[in-house]
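Here is the structure we will look at.
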Amino acid sequence: NKCPDQEQIMKEWGEIKKKGIERCGEDCAICLNKLFVQKKPLYLLSCSHIFHTHCIEALERYDIQEKKKCPICREVYQKMSFINQKQKFL
């Protein structure tokens, strides 16, 4: 098994981020506050939905399921944090 390289991972996440930004509204679907405000950290999920970091973390703390699922589409996800072009794969 060959692990994907960092460049390929970032390319895939870049495509997911582009799709997420194109389709998302201005509000977080969990707290209903504005998403893109003054460098607040956000999570981009692998399904391309975007939430405030603290909203997803709160949801995960109280979710008893083994695999975390997106609160919008219910897909199992991985997540990446980002603030103004800074990205961190989680």
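All values derive from a computational prediction rather than experimental measurement. Side chains are part of it too, since the values below use all heavy atoms of this structure and drop only hydrogens, waters and symmetry mates. Nothing fancy with the numbering, it's 1 onward along the sequence.
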- Not counting sequence neighbours, which residues clear side-chain contact (heavy atoms from CB on, under 4.5 Å) with A29? List them please. F51, I72
- Item | side-chain hydrogen bond (donor to acceptor under 3.5 Å, both in side chains) involving E60 - partner list, sequence neighbours excluded | Y77, K79
- Query: Rounded to the nearest 0.5 Å, how far does CD1 of I30 lie from CG of L59?
  - Reply: 5.0 Å
- Can you tell me how far OG of S81 sits from CG of L44, rounded to the nearest 0.5 angstrom? 10.0 Å
- Query: Would a 4.5 Å heavy-atom cut-off, applied to side chains only, mark L45 and C70 as touching?
  - Reply: yes
- Task: Check whether any side-chain heavy atom of L35 lies under 4.5 Å from a side-chain heavy atom of I50, and answer yes or no.
- Result: yes
- Message: My understanding is that only one of C47, S46, S48 makes a side-chain contact (heavy atoms from CB on, under 4.5 Å) with E75; could you say which?
- Response: C47
- Return yes if some donor-acceptor pair links the side-chain N/O of H52 with the main-chain N/O of K34 below 3.5 Å, else return no. yes
- Side-chain donor/acceptor of T53 to backbone N/O of P41, under 3.5 Å: yes
